[in-house]
Amino acid sequence: MVQLAVANTQTDNIGYAIQRLMTDESRAFKEKHVNLIVQVTYQQDYQLSELFVHLSSHQTMGQFMMSKMGVSQAVANGPLHSNNWILVFKALSLIHVLIRDGNSPRIMAFLSLHQNLVNVSDFPERANIVPGSKTKDLLQYGVYLQDKIAVYKASKMDLYHPDAKMHFKDPKNVSEFLKNTLNLQKLIESGCECKWVQKDLETVPVIQQAYRMIVLDMLLYFGMANEALISIVKQFYGMDQSDKEQALSVYKNFEKHLQKTIDFFTTSRSLATEWSVDIPEFQMPNMEFLETMHKHLASES
């Protein structure tokens, strides 16, 4: 009975914190409410399904809804499926916070089984509106989070782990390393597509907090991608033929999206001071090696 009472109290506390965060006012999250939700993701005895039903349904009877309706049906009652863009933006942002600051492997494993949770592609239809800048930002944010989940599902790699960079800096399995680098590039490409209106980034708190997390993600990804290219240069001549061709694809992808990445960080840098984010001037890798790779592979064919 005591354990049940504690569990019910925790459930109510989480439900209250989510309710306080999921308001239709365009303001940033309060840290105390976010911290409570983040901490619970590390408790292995806490069911994440209940957390997401809380987030999606605004109700405290999570277990009841799960048993009667299931996660996919339950979400239709909550902010993720609201016709208010602020509520949907906040719901996606909270999921992003949990991916970044919570027990990321556990969160991502759950989301891999329930990818539709972040699919908000039907928002313009249910809100009965012609998409404006905020709606377009919202739709791209949903796609970005879907891409994050898809990449985790493919690689099972926790990119937020302190040692994650070593997978790209000092790879042990070349084929796996190249596959993971291509997945990483997909995330960079997806992040670059978040071309949100400068005025909204400067004046709308809900959009600011989401974009700030994307910028922090992109800094992480780009740093890892740079390490990956350096590793390719070091190991290229010792790779087998199929890995060399894959390495060439990685390098060509980087060149293809390089200008978009530079443009993304140029936009972000103008807001970085206000957001307390340090965006360095990146030292770009030597793209002349791309021609060297082409010539080497042609000579071996």
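Using a 4.5 Å cut-off between side-chain heavy atoms of Ile, Leu, Val, Met, Phe, Trp and Tyr, with links allowed through other members, Leu184 and Val143 fall into different hydrophobic clusters. By the rule that hydrophobic residues join a cluster once side-chain heavy atoms approach within less than 4.5 Å of another member, Ile279 and Ile262 end up as members of one cluster. Cluster annotation: Phe265 is connected to Leu187 through the hydrophobic network of ILVMFWY side chains, with a link wherever side-chain heavy atoms come within less than 4.5 Å. Under the 4.5 Å side-chain heavy-atom criterion for Ile, Leu, Val, Met, Phe, Trp and Tyr, Leu113 and Leu51 are members of distinct hydrophobic clusters.
Side-chain rings of His114 and Phe110 approach one another, their centers coming within less than 6.0 Å. Between Phe89 and Trp196, the distance separating the two ring centers is shorter than 6.0 angstrom. Separation of the Tyr211 and Phe264 ring centroids falls under the 6.0 Å cut-off.
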From CA spacing to verdict: side-chain contact (heavy atoms from CB on, under 4.5 Å), Met108, Lys148: CA-CA 9 Å; Met108 291 298 256; Lys148 283 175 71 68; 4.1 Å; yes
side-chain hydrogen bond (donor to acceptor under 3.5 Å, both in side chains) evaluation trace for Gln39 with Asn35: CA-CA 6 Å; Gln39 289 166 11; Asn35 288 344; 5.6 Å; no
Pair Asp170-Lys172, salt bridge (Lys or Arg N to Asp or Glu O under 4.0 Å): steps then yes or no: CA-CA 7 Å; Asp170 185 25; Lys172 307 301 182 187; 2.9 Å; yes
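The pair Glu189-Lys260 does not meet the salt-bridge criterion, since no charged nitrogen lies less than 4.0 angstrom from a carboxylate oxygen. A salt bridge links Arg100 to Asp217: at least one charged side-chain nitrogen sits closer than 4.0 Å to a carboxylate oxygen.
Between Ile207 and Trp85 the shortest side-chain heavy-atom distance falls below 4.5 Å. Side-chain contact check for Asn103 versus Leu48: every heavy-atom pair is 4.5 Å or farther apart.
A donor-acceptor distance shorter than 3.5 angstrom exists from the side chain of Ser231 to the backbone of Phe168, with no hydrogens or angles considered.
Ring geometry, Tyr237 versus Phe289: the interplanar angle exceeds 60°, so the pair is classed perpendicular (tilted spans 30 to 60°).
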